[in-house]
K.L.:
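Please see the structure below; I have some questions.
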Amino acid sequence: MTDNEVKESRVVLRAVQEHLNYTHLSLGAVSEKVGLVDVLYHPDNPMPDLNYITPRRNTAWIPTQDIEKGLTRLGELNRKKRIYYVEGLYLPVFAKSLRELGLRVEREISIMTYTIDPNETLPRISILDEKRFELVHNPQESAVWWYVWRNAHYDVVTHGIEPIYIGKALRDIALGNQSDIILYLDQLPIGVARVTFHAETAHISALAVMRQFRDHETLKLLQHKAIAIAAQKNKRFVFTSGEIEADRRVCREAGFVDSGSIICYAENGDYQREDTHADSMGQSAFLY
């Protein structure tokens, strides 16, 4: 990788980090500065994605004592000690320092990114006659979206670290903070996607497809529609995550590239005070 490619990769990863931090704060998390780390916590919701420490913006190295102070603060807030960071922004020795503090990898999320070039043609969306896209604008359409997302007959493809909240979708759509997409086959909803927006970035934070229609073409249809919507909103980057290699392969076929990982390190053992709720599809969902 050339120096310019490394520089561009870091720009993309910082944008991803800022998007997720912004989203978590918009969901009610509070941020406290402790040395060179930010302590994010939700006063009422113990969900892991809303309670963690993370390196401060534009920091290349974090002193161990600042990490310890941040983790101590989480403990004082009755939260499990946990740190999220974007792997590509820090040297491998950073992970070594976390292990020396007794933390272990709790979760690793691969980040796939698509750079929108205004001078290049976007991916062509080849919809068949019997298929069509609809965007959610009202409670009835939102109910269809949630039916697909939470129904056991649909496979969740995208598991991000941006919580999916019930009850605030229409507000965020009205504010221009997100778009909810439904893919129909005649009158049957066969897939949904959610795209959230911040600054120059768009995040495909949710994607689910009916099992019998889960193939590369259907997944790429939804991803390309998300990219088209992001381009309409003048976003520069679209990012998503791939939990398994098969899903990451589809992302690559859709034009996404592997850009790094978000790593979560946490203290060992069960944490009795933490009560994380997740819906039947494996993605956190809360009334809000």
Side-chain angles (χ1 to χ4, degrees), residues 8-63 66-67 69-71 73-74 77 79-90 94-95 98 103 105-114 158-165 168 171-172 175-178 194-206 230 233 235-241 259-266 276 283-284 286 288:
E8 180 64 17
S9 174
R10 293 176 70 85
V11 168
V12 173
L13 291 175
R14 286 196 183 98
V16 169
Q17 183 181 48
E18 290 177 14
H19 185 120
L20 294 172
N21 286 352
Y22 168 82
T23 300
H24 296 164
L25 291 172
S26 72
L27 292 174
V30 177
S31 179
E32 293 183 2
K33 300 186 189 313
V34 178
L36 292 180
V37 303
D38 288 328
V39 179
L40 273 77
Y41 67 94
H42 195 288
D44 306 311
N45 191 334
M47 178 184 179
D49 291 344
L50 298 178
N51 297 273
Y52 58 89
I53 71 170
T54 191
R56 295 275 300 279
R57 181 180 177 182
N58 295 329
T59 53
W61 179 253
I62 313 297
D66 284 5
I67 298 172
K69 289 177 182 177
L71 295 173
R73 177 58 179 149
L74 276 182
L77 293 164
R79 299 291 185 259
K80 184 175 181 177
K81 296 179 179 179
R82 176 183 287 110
I83 179 170
Y84 277 111
Y85 73 98
V86 179
E87 186 179 35
L89 295 178
Y90 298 91
F94 183 65
L98 298 179
L103 304 178
V105 174
E106 182 179 66
R107 191 179 182 194
E108 180 174 356
I109 303 163
S110 297
I111 298 300
M112 315 285 292
T113 62
Y114 184 102
T158 297
H159 297 265
I161 56 170
E162 185 173 339
I164 307 299
Y165 273 67
K168 66 187 295 291
R171 182 183 68 183
D172 281 339
L175 292 173
N177 295 331
Q178 76 182 40
R194 170 168 294 176
V195 191
T196 63
F197 309 108
H198 171 64
E200 292 186 309
T201 53
H203 179 205
I204 304 176
S205 60
K233 292 183 174 290
K235 302 305 176 183
R236 184 180 175 192
F237 308 115
V238 183
F239 70 98
T240 189
S241 57
S259 298
S261 299
I262 294 176
I263 309 292
C264 172
Y265 276 80
T276 302
Q283 172 67 45
S284 301
F286 296 89
Y288 187 79

K.L.:
Looking at Arg56, I'd like to know if its CZ atom is crowded, meaning that more than 12 non-hydrogen atoms belonging to other residues, nucleotides or ligands lie closer than 6.0 Å.
P.N.:
yes
K.L.:
Please give me the minimum heavy-atom distance between Leu89 and Arg10, naming the atom from each residue.
P.N.:
O-NH2, 3.6 Å
K.L.:
Please answer whether the main-chain N or O of Tyr84 pairs with a side-chain N or O of Thr54 as donor and acceptor at a distance below 3.5 Å.
P.N.:
yes
K.L.:
Between the main-chain N or O of Pro55 and the side-chain N or O of Asp66, is there a donor-acceptor pair closer than 3.5 Å?
P.N.:
no
K.L.:
Hey, could you give me the CG/OG distance between Asn21 and Ser31, rounded to the nearest 0.5 Å?
P.N.:
7.5 Å
K.L.:
Verify side chain to side chain contact (heavy atoms under 4.5 Å, CB included) between Ser241 and Ser110, making sure each step is shown before the conclusion.
P.N.:
CA-CA 5 Å; Ser241 57; Ser110 297; 5.9 Å; no
K.L.:
Between the side chains of Glu106 and Lys80, is the shortest nitrogen-to-carboxylate-oxygen separation below 4.0 Å, so that they form an ion pair?
P.N.:
yes
K.L.:
What pair of heavy atoms forms the shortest contact from Ser9 to Ser259, and how long is it?
P.N.:
OG-O, 4.2 Å
K.L.:
My understanding is that only residues two or more places apart in sequence, or in another chain, count here; which of them pass ring-ring contact (aromatic ring centres under 6.0 Å, His included) with Tyr114?
P.N.:
Phe256
K.L.:
Angle between ring planes, His24 versus Tyr52, binned at 30° and 60°: parallel, tilted or perpendicular?
P.N.:
perpendicular
K.L.:
What is the minimum heavy-atom distance between Thr196 and Ser205, and which atoms define it?
P.N.:
CG2-OG, 3.9 Å
K.L.:
Could you measure the distance from the CD1 atom of Ile109 to the CG atom of Leu20? Nearest 0.5 Å is fine.
P.N.:
8.5 Å
K.L.:
CD of Gln178 to CZ of Arg171: how many Å apart, nearest 0.5 Å?
P.N.:
10.0 Å
K.L.:
Check Ala95 against Tyr265 and note the closest heavy-atom contact, atom names and distance.
P.N.:
CB-OH, 3.4 Å
K.L.:
Pair Ile83, Val37 - check side chain to side chain contact (heavy atoms under 4.5 Å, CB included), show working.
P.N.:
CA-CA 10 Å; Ile83 179 170; Val37 303; 5.6 Å; no
K.L.:
For Asn51 and His42, indicate whether the former's side chain and the latter's backbone hold a donor-acceptor pair under 3.5 Å.
P.N.:
yes
K.L.:
Compare every heavy atom of Cys264 with every heavy atom of Arg82, then report the nearest pair and how far apart it is.
P.N.:
CG-SG, 3.3 Å
K.L.:
Assess the residue pair Tyr85 and Ile62 against the criterion (side chain to side chain contact (heavy atoms under 4.5 Å, CB included)); give the C-alpha distance rounded to whole Å, side-chain angles, the decisive distance to 0.1 Å, and a yes or no.
P.N.:
CA-CA 11 Å; Tyr85 73 98; Ile62 313 297; over 6 Å; no
K.L.:
Rounded to the nearest 0.5 Å, how far does NZ of Lys233 lie from CZ of Phe197?
P.N.:
5.0 Å
K.L.:
With sequence neighbours excluded, what pairs up with His203 under the ring-ring contact (aromatic ring centres under 6.0 Å, His included) test?
P.N.:
His19, Phe239
K.L.:
Run the numbers on Leu36 and Trp61 for side chain to side chain contact (heavy atoms under 4.5 Å, CB included), then give the verdict.
P.N.:
CA-CA 9 Å; Leu36 292 180; Trp61 179 253; over 6 Å; no
K.L.:
Can you name the nearest heavy-atom pair linking Asp49 to Pro163, along with the distance?
P.N.:
CB-CG, 4.1 Å
K.L.:
Would you say Val34 and Ile53 make side-chain contact, with heavy atoms under 4.5 Å?
P.N.:
no
K.L.:
Could you state the interatomic distance from OG1 (Thr240) to CD (Glu162), rounded to the nearest 0.5 Å?
P.N.:
10.5 Å
K.L.:
Could you check whether Arg236 pairs with Glu8 (Lys NZ or Arg NE/NH1/NH2 to Asp/Glu carboxylate O, under 4.0 Å)?
P.N.:
yes
K.L.:
Less than 4.5 Å apart, any side-chain heavy atom of Lys168 and any of Leu27?
P.N.:
yes
K.L.:
Heavy-atom distance under 4.5 Å between the side chains of Phe94 and Ile67, does that happen here?
P.N.:
yes
K.L.:
About how many Å separate OG1 of Thr113 and CG of Leu13, when rounded to the nearest 0.5 Å?
P.N.:
7.5 Å
